[in-house]
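Since the structure comes first, as structure tokens, the remarks are kept for the end.
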Amino acid sequence: MKIDKTSGVYKACMLGILCAVCGILLSTVNAITAPIIEENALASVKSSLEIIYPGATFTDVTEDKIGLLELKDGEDTLIDGIYNAEGKGTIFTLHSTGYNADGFKFMIAYNNDGSIGGYSVLEQAETAGKGDKAFKDPYVSDVLKLTSSDTMPLITGATITTTAVGKAVDQARQVFNKMNNISYDENATATPAPKAEPVELAKEDFKDNKAECTETSNDGTIAVYACKAHGFEGVNEATVTVDVASKSVKSIEVTKFSDTEDVGDQATKAAELDKYKGVTLESKVDSTTGATFTSTSLRAMITTALQAVTK
């Protein structure tokens, strides 16, 4: 029987055979290369993982376990990787965005018993002395005392960053607890950072604010000072008027605001500025909630002006 190689049936059969052969070849290549690709991917993060579990045998279980994560409306996945450390625990590599728009990356590990086995930053550009406190002691030491049932603590002055850390960790602990059938309160919220007790202005540490005041007028009764001090992002400026006899503040007027709008400027509202009237170096003045650094810069200026009038 002569085969008509120009017929549609023949061409269809040959195409089918070719596809089958290609499929077999691709499956074979994939079977050979997939473990190599996976091994190389794991090797790229192994040095970071060993910061928490030195010498452990790691397995990338991201693809198998990420499905346990249930996102709320509008939430994005903040888990980058999930790695099992044989006989030790599970490490989650995470990302989030705090004060700096570039965001940050970090790891948290849960030991097999649910205690936290490690917490370490990978990349961050948060503000030095403020947001970066989320990746330094004593915060790190406090985190290591927690379990997968606990929410992350907040830090006064680094609320935005630590809240962002907490959001990512909430996803990690959700997955870990489901992996290990651990019950916990998914609706629990972070405990607000304890508010520092105010101290007398004369005893408060303002060295980071680098406050300066220049006397612009003094008739022996009223002294006026042009002041400036570092806040959260930049240098804030204000006019401080002092009663010379009582060595107390008559008023403070903010003339230049360089911190974050809708955050730090809460400390510059009229009602907040009014609380400085009558203040002396022996007074204790609370920071404005949510505007800690700006209000500290204002206290620094007032203190510097009061110290100048007592000389």
Side-chain angles (χ1 to χ4, degrees), residues 99 126-134 136-139 142 153-162 191-216 218 222-260 263-311:
Y99 187 82
E126 297 298 281
T127 307
K130 299 178 177 71
D132 70 346
K133 289 181 179 179
K136 296 179 178 180
D137 275 330
Y139 187 76
D142 290 340
L154 300 178
I155 302 177
T156 298
T159 306
I160 294 174
T161 303
T162 47
T191 302
K195 192 171 183 178
E197 289 296 323
V199 298
E200 292 181 8
L201 292 181
K203 297 179 180 179
E204 196 166 352
D205 183 3
F206 295 114
K207 65 177 182 295
D208 291 338
N209 300 101
K210 302 175 182 177
E212 297 177 12
C213 287
T214 302
E215 186 178 87
T216 58
N218 188 339
I222 301 297
V224 180
Y225 295 88
C227 302
K228 59 183 179 180
H230 288 259
F232 187 81
E233 289 186 304
V235 177
N236 298 315
E237 298 181 11
T239 298
V240 179
T241 303
V242 178
D243 181 86
V244 176
S246 63
K247 296 178 176 54
S248 63
V249 175
K250 287 185 66 66
S251 67
I252 177 171
E253 177 188 356
V254 177
T255 55
K256 181 181 178 182
F257 174 73
S258 301
D259 287 338
T260 312
V263 180
D265 59 1
Q266 298 299 310
T268 68
K269 295 184 180 300
E272 284 296 307
L273 296 179
D274 281 346
K275 72 183 182 183
Y276 297 110
K277 292 179 179 179
V279 162
T280 68
L281 286 173
E282 289 71 41
S283 299
K284 298 178 181 180
V285 186
D286 278 317
S287 289
T288 302
T289 302
T292 303
F293 291 100
T294 301
S295 54
T296 300
S297 75
L298 297 180
R299 293 200 307 280
M301 287 187 272
I302 284 172
T303 301
T304 303
L306 290 172
Q307 289 171 336
V309 84
T310 60
K311 291 180 180 179

Quick one: [atom1] on [X] to [atom2] on [Y], what's the gap to the nearest 0.5 Å?
X: Ser297; Y: Asn209; atom1: OG; atom2: CG; value: 6.5 Å
X: Ile222; Y: Lys250; atom1: CD1; atom2: NZ; value: 4.5 Å
X: Tyr225; Y: Glu212; atom1: OH; atom2: CD; value: 14.5 Å
X: Asp259; Y: His230; atom1: CG; atom2: NE2; value: 11.0 Å
X: Phe206; Y: Thr304; atom1: CZ; atom2: OG1; value: 7.5 Å
X: Leu154; Y: Thr159; atom1: CG; atom2: OG1; value: 6.0 Å

Quick one: list whatever passes side chain to side chain donor-acceptor pair (under 3.5 Å) with Lys269, sequence neighbours left out. none
Using the rule given for side chain to side chain contact (heavy atoms under 4.5 Å, CB included), can you reason through Arg299 versus Leu201, listing the C-alpha separation, both sets of side-chain angles and the distance that settles it, and then say yes or no? CA-CA 7 Å; Arg299 293 200 307 280; Leu201 292 181; 3.9 Å; yes
For [X] versus [Y], what's the shortest heavy-atom pair and its separation?
X: Leu306; Y: Thr310; answer: O-CG2, 3.1 Å
X: Ser248; Y: Ser246; answer: OG-OG, 2.6 Å
X: Gly131; Y: Ala158; answer: CA-CB, 4.1 Å
X: Ala238; Y: Thr255; answer: N-OG1, 3.6 Å
X: Ala226; Y: Thr216; answer: CB-CG2, 3.9 Å
X: Ala134; Y: Thr161; answer: CB-CG2, 3.7 Å

Report yes or no: is the cationic atom of Lys130 (NZ for Lys, CZ for Arg) closer than 6.0 Å to the six-membered ring centre of Phe293, at no more than 45° off its axis? yes
Residues, nucleotides or ligands: over 12 heavy atoms within 6.0 Å of Lys247 NZ: yes
Go through Phe257 and Thr294 one step at a time and tell me if the side chain to side chain contact (heavy atoms under 4.5 Å, CB included) criterion holds. CA-CA 9 Å; Phe257 174 73; Thr294 301; 3.9 Å; yes
Asn236 side chain to Ala229 backbone, donor-acceptor under 3.5 Å: no
Hey, could you give me each pair passing salt bridge (Lys or Arg N to Asp or Glu O under 4.0 Å) that has a residue in residues 274-284? Not counting sequence neighbours. Glu272-Lys275, Asp274-Lys277
Out of Val249, Val285, Val242, which one pairs with Ile302 under the side-chain contact (heavy atoms from CB on, under 4.5 Å) rule? Val249
Heavy-atom distance under 4.5 Å between the side chains of [X] and [Y], does that happen here?
X: Thr296; Y: Ser287; answer: yes
X: Asp205; Y: Val199; answer: no
X: Glu204; Y: Thr303; answer: no

Could you walk me through whether Asn218 and Val244 satisfy the side chain to side chain contact (heavy atoms under 4.5 Å, CB included) test, starting with their C-alpha distance in whole Å, then the side-chain angles of each, then the deciding distance to 0.1 Å, before giving a yes or no? CA-CA 9 Å; Asn218 188 339; Val244 176; 3.9 Å; yes
For Asp132 and Thr127, run side chain to side chain contact (heavy atoms under 4.5 Å, CB included): C-alpha distance rounded to whole Å, both residues' side-chain angles, the deciding distance at 0.1 Å, then the answer. CA-CA 6 Å; Asp132 70 346; Thr127 307; over 6 Å; no
